[in-house]
Every structure is written in structure tokens, then in C-alpha cells.
Number of protein chains: 2
Amino acid sequence: MIKKTLKVNGIDRTVVVREDDSLAKVVREQLKLTGTKVGCGEGQCGCCNVIMNDKLVRSCVTKMSKVKNDASITTIEGIGTPDAPHPLQKAWTLHGGAQCGFCSPGFIVSSKSLLDKNDNPDREEIRDWYNAHRNACRCTGYKPLVDATMDAAKVMRGEKDIEELEFKMPADGRIWGSSIPRPTAMAKVTGTIDYGADLGIKMPDNTLVLALVQAKVSHANIKSIDTSAAEKMPGVHKILTYKDVVGSNRINGLVTFPDTNLGDGLERPILCDKKVFQYGDAIAIVCADTESNAKAAAKKVVVDLEELPAYMSAPEAMAEDAMEIHPGTPNVYFNCKIEKGEETGPIFKDAAHVVEDDFYVGRQPHMPMEPCVGFAYTDDNGNLFINSKSIALYVHNFMIAEGLGIAEDKLFIAQNPTGGTFGHKFSPTTEALLGVASMATGRPTYLCYDYHQQMTYTGKRSPFFINLKMAADNDGKLLAMESDWSVDHGPYSEFGDLLTTRGNQFIGAGYSIPNIRGNGRTVCTNHGWGSAFRAYGAPQSEFASEVLMDELAEKIGLDPFELRYKNILRPGDTMPHGQKPEVYSYEEMMDILKPKYEAALKKAKENSDDKTKRGVGISLGMYGCGADGPDPSECAIELGPDNVVTLFNTWEDHGQGADIGTLGTAHEALRPLNVPPKKIRLALNDMATAPDSGASGGSRQQVVTGRAIVAACRALLDGMRKPDGSYHTYDEMVAENLPLKYSGKWTTPCTVPDDKGQGEPFAVYMYGIFLAEVAIDIATGKATVEKMTCVADIGKICNRLATDGQIYGGLAQGIGLALTEDFEDIQKHSTLKGAGLPYAKDIPDNMEIVYVENERPEGPFGAAGCGELPLTSPHAAIINAINNACGVRITRLPALPEKVLAGLK
Amino acid sequence: MIKKTLKVNGIDRTVVVREDDSLAKVVREQLKLTGTKVGCGEGQCGCCNVIMNDKLVRSCVTKMSKVKNDASITTIEGIGTPDAPHPLQKAWTLHGGAQCGFCSPGFIVSSKSLLDKNDNPDREEIRDWYNAHRNACRCTGYKPLVDATMDAAKVMRGEKDIEELEFKMPADGRIWGSSIPRPTAMAKVTGTIDYGADLGIKMPDNTLVLALVQAKVSHANIKSIDTSAAEKMPGVHKILTYKDVVGSNRINGLVTFPDTNLGDGLERPILCDKKVFQYGDAIAIVCADTESNAKAAAKKVVVDLEELPAYMSAPEAMAEDAMEIHPGTPNVYFNCKIEKGEETGPIFKDAAHVVEDDFYVGRQPHMPMEPCVGFAYTDDNGNLFINSKSIALYVHNFMIAEGLGIAEDKLFIAQNPTGGTFGHKFSPTTEALLGVASMATGRPTYLCYDYHQQMTYTGKRSPFFINLKMAADNDGKLLAMESDWSVDHGPYSEFGDLLTTRGNQFIGAGYSIPNIRGNGRTVCTNHGWGSAFRAYGAPQSEFASEVLMDELAEKIGLDPFELRYKNILRPGDTMPHGQKPEVYSYEEMMDILKPKYEAALKKAKENSDDKTKRGVGISLGMYGCGADGPDPSECAIELGPDNVVTLFNTWEDHGQGADIGTLGTAHEALRPLNVPPKKIRLALNDMATAPDSGASGGSRQQVVTGRAIVAACRALLDGMRKPDGSYHTYDEMVAENLPLKYSGKWTTPCTVPDDKGQGEPFAVYMYGIFLAEVAIDIATGKATVEKMTCVADIGKICNRLATDGQIYGGLAQGIGLALTEDFEDIQKHSTLKGAGLPYAKDIPDNMEIVYVENERPEGPFGAAGCGELPLTSPHAAIINAINNACGVRITRLPALPEKVLAGLK
């Protein structure tokens, strides 16, 4: 222990610290400046950046022993406040720099440090700075951050007034389609919004901090668990095992197809009882007074295991001699097929051109900047409240209530402000563990994963092993497609059957393929369990067909653009699953892209030499908005004092912008009332107050909940309308005893596909084309994406800032998926850097978006969803560009330099 | 548990709370907004004021169950920041509103709430507001707070620019004698300075919170202590009793006169072993994870006691049949006498006028707004660090080291920013308890008293029972004085012998009395132990002589002013203890006061009627600056980078202004260097870094440490001086390898009085005259002070804002001492309100100070001390005024309405 005097944000502070504690811990937990975030906790993300004595430091890896007495520390709180923001903070909101916002404080502190040294950096200098200081962002693709810093620098140099960084309300007062910053933006950029770990620091003093005892092997029988030594450790209140779980101790994986799924969906234990199924599985929970005490005690729990063979991929688990991972359920527990048009066997026999290849898209890790975190508590009425990063509140209630042993109507899940999920929080992670602990102790409990836990004990994108064949006629017109895919879903089936049917829908998506035969299957393995991830199923499916289309073009001798142009969906055509698109946008989009494509090809050729080869690739992307079949959503609205309108829904926010989505849609629907945006209050994502709007997955919320919002707003308008067409005020409504609260509901007019994979699962789709321009370093095989272009039809746009951000961010994740990201090697890939997270210089500053805004008949004010589109197939365009550049065809991702180099040799 | 959403300082916050927790606890401990202070914790002081939904509330008594969802809460942090202060905050600094500063956030929030409702209040409306909302201040006498609010309101109304609330540096750059705000002012008024409880919230997470098991009786033998049930309580880490104390378990009361004191000064146990000596004595310490767990467990400790007769006053303990409270030591354990001039017996026999009366000044409680609080920790080298409100760092080290069982050089005490002590922290309170706990557990420990503990288990002003006689000749010239006084010092002797000798020095102070005989004694009782309190010994001693002077005047038929004027010390005269004053100021001061006195008398007469009688009283005050005899101090100074000068000393700060005292004195001494105030850094009050400047008692620091500061500054100047008379810069000093750190020492050229009480104990004195104007409500007997005037000679003034504040605050405490304050009834008097704390309306807005700045030869730049003077005898002036108004002579304080009423009847 040592006492330090520090000057923190200009204020003299005295603090007693452990010398080996990090500066981040002291700043956050002792000085209570929670604007500084801890992401990875190992110096790889920059979320914890502070300025110490004029130097930018990552506070999570800065030990207090290295902090000099009287050091000057500047945190985000010292840079600006919501009332008096710094130009960087203003610019960050104006340019949409904060999506999930978790990295924003670190980036802004970093940018401040840069501008302190150089108030006139160019874009590349800014990108270099971010790269050098490991500032990582998983949402924005970095471009908006550079835009913001450039703009703020202008203000700092006096070339621009800070007022110019303020969004200007359109003259007509309409915010739909505008770039108004999201309501939470200022709180995010000033560090004043509390994420889960910040709320954890602000819990009552009787809160127990949890640490998990986890499996370090991937498959084993549990012989015994001995907690006796751990129970004697300092600060330990209780240690919980499966014996302390009141309920069935199983997470319900929600089998989508109970008639054909051979499992029951109840494979995942909350706390392991008989077996360990994957690395990281939770075996016990230590409840203690502090995190360090809990973690120290967790190490003292002795688990006696009988290790079993671990099946780390679908082929291994499908081997004949493989044991059943879940005894009684075959490792291949679900099969589906697609049959469209005629039998394909004869067609392939006669076709002018046939191509076939095998494809593999691996287990892309989500890598949000914020690891899983949450807290729980009970009330006097036996209700259990769990607050987490859940993006599926009502779904999770159903998935965990029985396992916990609590009635569904006694369990209320709410979402904390969330630092990114990208889908993995469609799976319960912390929720059931927190529930067990609060139920067993009667105390508030808090659990925050470290980044190793985040990487190893959360779901991953499920690898697809795909064999794909296409047949075309002499002109290159597609005749038939045959597909076979095996989905490695890890040990837990959650939505694995549903995911497998994504192969039906998205292998060959975008094209008119009259005849299709295919078979897919879901395979249980011992690798990381499969969880939702942006574009769920499409990046695997469309990778196969988009790369194979290039192979087909090559075989025929057609330009890949031309081959696609021949085969895109045109009026009357149907998708692989037999549905007619609600709009036919591809031709218009390809026409827009064509000159850009040709210019890019020309430029690539001109700029290639012996050292660096440049190439261009394209791909089509497509995804549905919603859950398959009838997809309901509900929203409530209430008129309150001062005519403030409050909206209640569970449009869970990964960072994509549930706040601006709800606000933009409601504001448009309420235009007859002329409600200013500030008078629309959002009460989102708490089961205790909001009705069930469904989960935030599959880009469904803008469409499905968007429609529910419109319905609710209209119900309110109807309730407020006077006979003369004008509207009652709140006071008048109260005076006349009129209802103030209204509900809006909407369900997609869709059907679940039949057993041949045919149907109309979605009412609204997103369509896009990707153009990738890459450079290959011939000496190393390293591919660099120099530009990405996305022509997107996501319908009418609610908020431009949000959709731009989604597309930039999705493209960045596509680049990662193509080139670096992986979670195959549990040890090597369990850090952000190890798993190949793209930093600023890995993402091109040059990203272009062209919107084609075809109005969607079923979308609210014509809108489709947006978030999944940019990650459907951009990686395929990159892989195609690599081939275009240097003739190397990568079919197994990621395209690491060594793979490209091997291809070159 | 319930989750609440709150808008805190304009920011949306979500927080999970216990419904019966207070808003203050949630704001401070969960939301970490420690600008809101908790003083009494029972709604009597307003330190915890916040604005909730436009209404001012005391957050310490506002349960969370009463806080509505979405309530808007404004705390001091939401009113302004050091960078962007609110006009109230600026005005507070300009007018010296923050002394200790602990009440400042609450007052400013309160004033903000008033101005929100009425931006043009008059002074009385402001005072009414403070009274109605129970905003209490113990330092300032309220007047500066009203001044500040009036000025801020002008800015709010646009009648004044906020810039006008900025202190203007004098043209000559000299701050000595100016009203520059103290360096800590802005931090205090913005809630950004961390007091002990704020630092407690910011301790590392392994910190143990302590709760005391305390005696509820005043005298008992301890038969057994059973901690077994308590040890099983939740969150308990360890329970400590005297058996866990490594050392002697005794606080060393530092006997001043070992030859004559019959005790050894080792009466006070750290944790009671054999006996309980007074109510509140600590018997055990519970070390737990949270305060509530610690307190709950403390209730489960079973202490078996054999109750003994409790002696609750000196006469009771002096009774012949009284048992020895400390077996082996007589209850009367110290005697002293004064002999000046000739035997007084014969003189009294022959004198023209003789008066005699008995006087009693009771156990005035200090009532700082901040209760005792502190923390402790150890380092790897076996050093123990205790941070508390200690105003006697090196003294406390010596007082507790042996008791704890640690070497003195391993124990480092530091002072936290302190919310008032007024002297009681000259006694160890939390220090040894924290030390025991950190030594026994090896963990950081934290202890904060609640206000009942603050009232019952800290030292009090010791009552003096005085019999006094004076003899005068026909003209009213004093001939002789005989005195007898018994000091009730409670069970612990700490400085009790020294205090008793104050009767020698200050009974009859201010007058030339050629012949004196007197006897004093210190008596051990079972009431609250005696501790230092502003003017230590003088309020008791001077009360007797100043009231008796009025009785003498009445007897002779002289005006009290005239009688005093005849007898004041004039050149050549000596004080009761034989010393010649270093300056003779009384005549000049009385000449200044005379017209004011006469005008007041006239006005009082004019404004008296049957319902209300008005009267005027005066008194002389006098006190020495320093400890008796040679009083040393040391200060260090260091030149650092950027030519910043750092001063190291232990000028402990009650709130009186150690910061501005050190800065003002050093700035003046360093004028040859032209150092701007901002480049003078203060590193005060930590034994780990600062040399021993002695304790902050007896108004010694400005004089004694002031001289040490001057010496240190001069040593630095000598070290920096070049042959040509100019000065080296820091860089030059480093380049030439010259020493950067220098020490300055000074010791008062004084002697300890002899066994007849004669000597020269102090080098510098403060002199003053008080004029009180009171109104008596004849129906109730209630006395109201309508104006106080103080003519003060405290030498040359270092900082006018600080001295004004000291005098206003001292006068206010004098009013409390005269009329309301008491700690006789342990239960009734153990709250602020119960103990008679004066609120705004109890203190006149009309307080006038006239300075007579006679330069002190031994004072630094001519300065004397200041803090004790205003509480030497203002209560005597008030009591004299009551007699003047209605003929009722009160000799036993406080002059409660019922006593006055009884006198009237």
C-alpha cells in the first residue's frame, strides 16, 4: 500500500493504492471515474487510454508503481462534459463516432493526445496514431473517427467554429432520413453513460462479486468438485455448484424444428454437473466481497476430471468411432435439405459448364470491446432481476427460467448500455450464472468476464464446411446448384438447427437458380458453441456461392461482373428458397457499380508491379430482416406531463442504434403532433417496463419493431385526436380521463419454409453489392484492402449516420473475416490481437457507400433493416480480388499471408 | 432492492438500491458523487443538501423509497466545476465562505435552490432560508455566506459580471495582507476536495470498515467480552479487543508537569481492558466488509459489566467518599497555584471594594460539521500510516506509538482535508483504533464516527468551577485578586495539568492586578474527557474575571467600560503571570470602541420596552500564541522544475486556513524571487514528507511555523543567490549541483512559568475587546444577540479573509457558549440540535470587526495568531449585556431562557 497524490483532471487527489494495481483500476474503482473503460484489460484495445504527464498510456497495463507522485492524469471526464464538450466530443457525435460507444472515451483521449502534439494531422497520421496506440474499434470501421478528429482539429486550429459541429435540424422539422446524432451519443463520448462494469462499481455495498471456476479442457467427465479449501479463502461468502441450482440447471436451446431435431435443446448446463463439454464451461461460482478475493478463491476449487477425446471440428465429430458428446443424442443431430425445381443430377450431367469446390468459413469471434458483464438482484416479492448485455430479453427469460427454477413471470431481464455484441449476446452468458448466485445468496451479485473468458466462454460464428457445385449454360446462365454443408455448432444446439437452414436460403443468394438440391446438417463438437453473429449463416453460405461464381466466370471466360449481371434476380425470379424478392434492386445496383468496377480494374492493373499485385473483386450480398416465419413485436407508448411521449420496447442495442431507430421511427410516426425529438423519451430494454419486441437479431428491429412503433404511435394519435382533427394535450387527456398509454403490435406476414426449404420466411430483405480493391505483397503474401465500395439497398433510411456506421463497421468485420480473424486455436486466439482483430491500418480509410433506397412495402416508412447486409459477403469480394490480383484462390478462411504465399509458390 | 432511473446533474443514471438506504448514501457511495457531504446524518446540518425535483432536500434523511423514478437530482457537482464555477461558488471563494469547507456544498446547493425560487432575496430572507433548511456552519458565523449569496444573486440578475467575483491581484503583486482566497477554496466550494469519508469511499477494495463496540455506561468494571456470536455475522473479518493490541494499549496523555502531577498520563486505554471510564469508551472493534455489516456485528458483541458509581462533575469526584476512578491515582491529581505580588489576605481586608462570585463554564462541545473519520494502512516495510483529522501529527505519533506497540519511526500520521475540529483533534480519537485494526489485520482500515459517537466519544471543553474575588480601591483601581478553580477533565488527563495552569494566566487577563493568589486543581471524573478547544482555558478563566469586573463596576457605581479603562494593561504593567505584553494595545482599542459602546447603550435604552429589554455588555479578551515555554517549529522548502517552490510543514488545518497562512507567509518571504502564488506548492501535514512544525493549537502556527517558513524561505534565497544578488533558476541550480531543499527552524524565546505561575510562556499575544448588544424577551427569558463588535489586535494580518472568518466564527461559538451550547446530559446533548448548535438566525448578521494592527516584534512580518482570540470572552460580554438589559446576572453557562426567566422572576 502506498499513498499517492495525483492531479486528476486538474484536481488534486490523494489515494491509497496497491502498487501492483493498474491505473485503470484505481481511476475507475477508487477515484470512481468510470468514463475510462476497460475492454481487453491487456493493453490491446485502448479503451482505457488516459493521458499521464502529457503521454498517452493504456491505463489497464500501467501499474500504480509506475505512476509517479503528483502525476497529472487526464481522463475522458477531464476532456469535456455533456454541458461543455470538447470539439472532439462534438465532432464524434456529429460523425457518428460512437456506436456502441465503449471505445469512444479511449479514442477521444487518444485523439486529444495526438492533437496536443500536432494540431494539423492528415488522415494517415491520425490512422497511424491509432494503430501505434492500439486504439481498437469494432463498430465503426474507424473512418468516422478519423472524420471526427479531422473536424475537431479544424476547430482547434480556429478554422471552424465549434457550433458547426452541431447537427442542424432540417427546416421541416423532420428527422427521418437525417443524420441527427443518436440520443445516447453525448453520454457515450463524455464517458457519462454507465455500461455494465460501471454500474457494477455503483452497486450497493452488499453486492457479491462472482468469479467462475471453469474447465481448462474441452471434453471430460466430472468425478468430483471440492470447494472446501476455497471456502476458507478471505472474503468468500459462498461457493456454488450445480447442487445449488434450484431448477433443471439447463439452458433451453430452443429447438426450432422439434420434429426433426434429434436433440432436446437442453444440452447446456448452467453449472456443469456430469460432464465438461467445452473449454471454459462453468463448474462453480465463487461469491466474494471483491473480485480479487473471488478469483483467488476460484483457483482453490479442486475439480477432478476424467478427460475424454475432444472433437474440435465437424468432421472429427462425424467420424464413425466418435462417441456421443451428449450421450443419447447423435453428434449429427439435425438434417435439412433444399429442393427447388427439378432434380439437378441430370442437369449437371448435360451442362456446358460445371464448377465445384469446397469452402470453409471458420469460427469468427465477435470481439466486442466490452466483455460480458452483468448483475442481478432479488426483491422482497421473490422476483429476480438480471441486467446484462442480453439482446434477447424475453427469449433469455424463456431460455433460463426453468434452469434456474424460477417462474417466468418472476424473472425480469434488462439490458445495460452495451459495448457491442454483434450477435453473441443472442446467447445467454452471464445471465443464468448471475441468477443462480443471487437466488442462492439473496444478495445482489456482479460478474464481469475478463477477455480470456470473453473469447473462450461466449458463442462464436459456427464454421460451415461446404461443398458446392454450379452448372451453367454456354452463355453463363445458371442452370442448377448442388450443395452440401456441415455446420460445426459446438456442444450446444442453441438455434443450431435454424442456422443450418440458412444454407438453404443463402447459398446462391442473389441469383436466379431454377434448380437446387442440397443437404445440410448440424454437428455437435467440443469447440466453442455456435452463437448468433451478424448476418448469421450468410457469411458462410454466400462465401461459397460468391467465390464459386468467380470460379465459374473464370471457367467460362466471362468477367465475374458480367456473369453475375446475367444471373441476378430480376422481376419474376425467386430466391433459392422460392420466395420472390419484395423489390428487385440488383440490376440498378450493378448499373451503378459498373463504372466504379471498371475504373478499379484499370487502376489495379496500372498499379501492379513485381512487388505488389493489385486486384478487384466483387460479391453479391443478401439477407432477410426478421426471424423466419411470423415474427411478432410489440411496443407501448405513453403520453406524460409536459406532453412528453415515452416509448417502451425491447429493441435491444448492440451499439447499432436502437435509440435512434426508435426515436427516428416514432418521431416520423408522430409528426402530426409536431413533437420535438427531446420530448420523445425512450424507456427501452427492461422487461419490468417494456413489452416484448423480440430480440435484436437478423436486422429485424427496424422493420418489425419499427412497425410496432408506428402502430403504437398511431394508436396514441387516435386516442388524442379531437373531432376537429386537432389533438388533445396531456392536461386535456387527464382532465377528460382519457387513456394515456397505448400498445402497438405487428407481425411479419410470413411462413416457415417447408421441409424442402421452400417458403416466404421474411417480409423484407436487404440487398447489396461489394467491390473490394486489394493489394498483395508478393514477398509475404499479405493482402491489404485498399478500398471497399458497397452499393446497398436497405430501403428508406431512418438515420443516415446509423446506417453509414453499420455499413462501415460491417465491412471492417468482413475484412477481418477474410484476412485475419479466427478462433480455432483456443490459446492463441483468445486475445483480440491473437484472434486477428483489425486495427485502424487494417481497414481502408477509403470506403464508399452508395444507397439505392427502394421503398419496402412492409417496412415502416419504406425501411428495411441494415446491420447484417455489410457482413453478408464482403469477404468473398476480397477473396475474389486476391485471385484477381495474383491468381491465388483461397477457399478456407482466413486468407492469412502464409496461405496466399503458399498459393503464389 | 429496486432499480431506479434518476437524472443526476442532467445525466441519466440507473442504480440498484436498497429502498431504506438514504439518498445521500446512494449519491455518495453508489453514484460516487462525494461532493455531497454527510455531517450529522440526522437532518440537522444540511451538509447533504441536494435538489430533488426542484425541492431542496436533506439527502441523509431522504430514503430511496421516497425518491421517485426519473427524479431529477442536482448535487454540488451539477452546480459548477472548478473550471466553470457557478456564481455562488465564485462568490463563496471571494467572500471566504469556505473555511473548513465541509458545509460549503450543502450551503451552495441550498442557496442555488433559494435563488432558483427568488433571485432577489434580501439578507434576512437568505438567513431565514438557511434556518428553515437547517443549514449549519460552525466556522463562519454565517455572515460571509450571506454576503456571497447576495453577490451571486447580483450576477444571476445580470447586475454584476461574474468576473467581478474574481480576486484581483494587487498591483504590487503582494498578497500579504490581502483578501486572496485560500488555495483550497475552489475545491471546497465545488465538492472536489476529498475529506476523510470521501477518501474512505475511494480506498482500495480490500479495505476493512470498522465499527466500535462502545460502553453505554460511564463507569464500570469489565467482567468479560464475548465476540463469538458477532464473529459469525455476515461480512465480519475479525473482531479485536484489548488482547489484540500489541503495545501497552494506553494513550500517552503527555503529562506536562511530571514532578507535581500525581498521575502518569497513561489512563486512557485504546480498547478498554479492565474498566470503562466514560460513556462511549471503545471496548472492541469489528472489522468487516461494509459499514452496515460491521455495525450489525458490533451489536452482537456481549460485554459483561459491573457498573460503578459515576462521578459526573468535579465536586462529585472530589467528595470524600468517592472511589479513585483510576485506582492508585487520586481523583484530584494535579494542583497549581499563582502567587503574584504580595499576600492578598490583608489587602482584601482593607480594600474599599470587594466582590466575590462563583462561576461555571460548562463542557462546550466542538460540533464540527464533519465527524471524526480516518483510515490506516501498512506497507511492506512494516510502516503504519494513519490518516485522520489529527491537528497534532507528531504529538499523536508520540501519544499512541507505544500503546500500539510500534516504533515511533515506523508510524506516519497525516491529516486529511478536515471539516472542522476547533481543537478536539488535539486528542487522538480514531487514530489508535485504526492503527490497532490495520496492525492486527494487515489490511487498510476505515472508520467514520456517526454523530452520536462524535458527540459522546471525543473530548470536550473542560468545565471550570471558579470562585473569584477582586479588591479595588475607591477609584476602582484593582488591588488584588483571589481565585480558586477546579477543572473537571473527565477520566483522561491529556494536557489537563497544562489546562489548569491557564487559570493562572487568564483569570484576570487584560488587567493590571498587582497582587494575586490563587489555587487550581485538575479533577478526574467520568464525564467526557477534556480536550483542547479554541482559546483553551480562556473562556472559562476570562468569563469569571470579565463578569466579576461588571459586578465590581456595579458595586462601585462605575460604568463597566470606565472600570475596565482604568485597569487595562498599560506600558510597564504585567499580566497575571508576570509577563509584560509585547505590545500595549488596550487603550487604543478601548478608545476606538468607546463611541460605539456609547451609541449602543443609547440605542439599547431607546429600543427597550416592556416586552423586550435591550442591553449592552463588554469584555476584554486575551490569549497567547504558542505552547508554553520554548516552542519549536520546522518547515522545509524545495525548489523544483519550472521553478515551482514546494513547502513542507505540519501546519495542520482545522479549517482556519493553514493553506493560505503558509502561502501568504511564504509568498511574502519569497518576494525577492517574484514567485507567483500558483508556483508555490503546499505539501502539508504528512509526517512521511513534512518535518515537525508542531500542532495546530493555541494560535501558534502563524507565529511559530510562520517564523519557520520565513527561515526556510530565507535559506532557499541564500542558496539561490548569485554573487551579483540575482538568483539562480532551478535549471541553473541543477546544473551547478546546488542543494534544492532547505530547512527553516524557529523556537519561541520563552520560559515555562515557575511554581508560582510566573514566567514568560508566550512571545506573542492576541488582544481584543468585545461589545455585545442583546435583546431579552421578557416573556420567555430568551436572549438574542443583535450585534457583536470585536476590536482586535492580532498584529499584522497575513490574510484578511481568513482572519475575518476566524473572528466571525469565533464570535458565533461565543454566542453558542453563552446562550445554548452544552454537553452535560449525554443523551439529550448528543446531537447538534440537542447540544445547542447556533443556526443562522441565532447569530447576528450584524458583526463588526475593527483591526488594530500593532506589529509584533517576534511575529513573522509582525503577525500574531488569530483563531483563539474571538472565543476568549465574547460570552462574557453577552452575559454582561443580559445583566445590562434586564438585571439578571448569569454566572453558570449556558444562559438558557429558563435561567434568565428565573432571574427575572
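Here is the naming used below: chain letters follow the sequence lines, and residue numbers restart at 1 for every chain.
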Undergrad: Against chain A, label P444(B) side chain, backbone, both or neither, depending on which of its atoms sit under 4.5 Å from a heavy atom there.
TA: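 Only the side chain of P444(B) comes within 4.5 Å of chain A.
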Undergrad: Please confirm whether the backbone N or O of T190(B) pairs with a side-chain atom of E77(B), one donor and one acceptor, at under 3.5 Å?
TA: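 Answer holds: no.
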Undergrad: With salt bridge (charged side-chain N to carboxylate O under 4.0 Å, His left out) as the criterion, how do D70(A) and K4(A) come out once you've worked through the C-alpha distance, each side chain's angles and the decisive distance to 0.1 Å?
TA: CA-CA 7 Å; D70(A) 299 324; K4(A) 299 256 182 186; over 6 Å; no
Undergrad: Quick one about N53(A) and S72(A) (side-chain donor to acceptor, distance below 3.5 Å, no hydrogens or angles considered), yes or no?
TA: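 No - no donor-acceptor pair under 3.5 Å links their side chains.
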Undergrad: Please flag which part of D198(B) lies under 4.5 Å from any non-hydrogen atom of chain A: side chain, backbone, both or neither.
TA: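 Neither part.
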Undergrad: Does Q415(A) use its side chain to pair, donor to acceptor, with the backbone of D686(A) at less than 3.5 Å?
TA: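 Flag not set: sc Q415(A) to bb D686(A) has no pair under 3.5 Å.
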Undergrad: So, K238(A) side chain and E231(A) main chain: donor-acceptor pair closer than 3.5 Å or not?
TA: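 No, K238(A) side chain to E231(A) backbone: no donor-acceptor pair under 3.5 Å.
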Undergrad: As an exercise: rank N383(B), D289(B), T192(B) by heavy-atom pairs under 4.5 Å with chain A and give me the winner.
TA: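 Option with the greatest count: T192(B).
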Undergrad: Taking atom types as modelled, find out whether T14(B) and T5(B) have a side-chain donor-acceptor pair closer than 3.5 angstrom.
TA: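 Side-chain D/A pair, T14(B) to T5(B): absent.
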Undergrad: Is it the case that D653(A) and T418(A) place a side-chain donor and acceptor less than 3.5 Å from each other?
TA: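 On atom types as modelled, these side chains do not qualify, holding no pair under 3.5 Å.
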Undergrad: Would you mind telling me which of R681(B), K678(B), K679(B) makes a salt bridge (charged side-chain N to carboxylate O under 4.0 Å, His left out) with D642(B)?
TA: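 Between D642(B) and the candidates, salt bridge (charged side-chain N to carboxylate O under 4.0 Å, His left out) is satisfied uniquely by K679(B).
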Undergrad: Keeping K32(B) on the side-chain end and Q30(A) on the backbone end, is there a donor-acceptor pair under 3.5 Å?
TA: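 Looks like no, no N/O pair under 3.5 Å.
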Undergrad: Between T378(B) and chain A, which part of the residue has a heavy atom less than 4.5 Å away: side chain, backbone, both or neither?
TA: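 For T378(B), the backbone is the part near chain A, not the side chain.
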Undergrad: Please answer whether the main-chain N or O of H86(A) pairs with a side-chain N or O of Q89(A) as donor and acceptor at a distance below 3.5 Å.
TA: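 Between the backbone of H86(A) and the side chain of Q89(A) there is a qualifying donor-acceptor contact (under 3.5 Å).
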Undergrad: Please answer whether the main-chain N or O of E652(B) pairs with a side-chain N or O of N685(B) as donor and acceptor at a distance below 3.5 Å.
TA: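 Side chain of N685(B) to backbone of E652(B): a pair is present.
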Undergrad: Do side-chain atoms of K389(B) reach the backbone of V373(B) as a donor and acceptor pair under 3.5 angstrom?
TA: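 Such a contact is absent between K389(B) side chain and V373(B) backbone.
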Undergrad: Under a 4.5 Å heavy-atom cut-off, does chain A meet the side chain of I2(B), its backbone, both or neither?
TA: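 Just its backbone gets close to chain A.
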Undergrad: Look at the side chain of N293(A) and the backbone N and O of A296(A), then say whether any donor-acceptor pair between them is shorter than 3.5 Å.
TA: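 Not at all, since once roles are kept as given, no pair shorter than 3.5 Å links the two residues.
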Undergrad: Considering only heavy atoms and a distance below 4.5 Å, find which of V15(A), V16(A), T290(A) pairs most often with chain B.
TA: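 Going by pairs under 4.5 Å, I would pick V16(A).
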Undergrad: Quick check on K3(A) against chain B: is it the side chain, the backbone, both or neither that has a heavy atom closer than 4.5 Å?
TA: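 When you check distances to chain B, atoms from both the backbone and side chain of K3(A) fall under 4.5 Å.
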Undergrad: Report, in residue-number order, which members of residues 201-211 of chain B are under 4.5 Å from chain A by heavy-atom distance.
TA: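 Residues of residues 201-211 of chain B touching chain A at under 4.5 Å: I201(B), K202(B), M203(B), P204(B), D205(B), N206(B).
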Undergrad: Checking the side chain of T34(B) only, and the main-chain atoms of R28(B) only, is there a donor and an acceptor separated by less than 3.5 Å?
TA: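 Not a single qualifying donor-acceptor pair exists.
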Undergrad: Which residues in residues 17-24 of chain B have a heavy atom less than 4.5 Å from any heavy atom of chain A?
TA: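 Checking residues 17-24 of chain B against chain A gives V17(B), R18(B).
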Undergrad: Can you tell which part of Y377(B) gets under 4.5 Å to a heavy atom of chain A, answering side chain, backbone, both or neither?
TA: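 The side chain, not the backbone.
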Undergrad: Does any backbone or side-chain atom of F375(A) lie under 4.5 Å from a heavy atom of chain B? Answer side chain, backbone, both or neither.
TA: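 Only the side chain of F375(A) comes within 4.5 Å of chain B.
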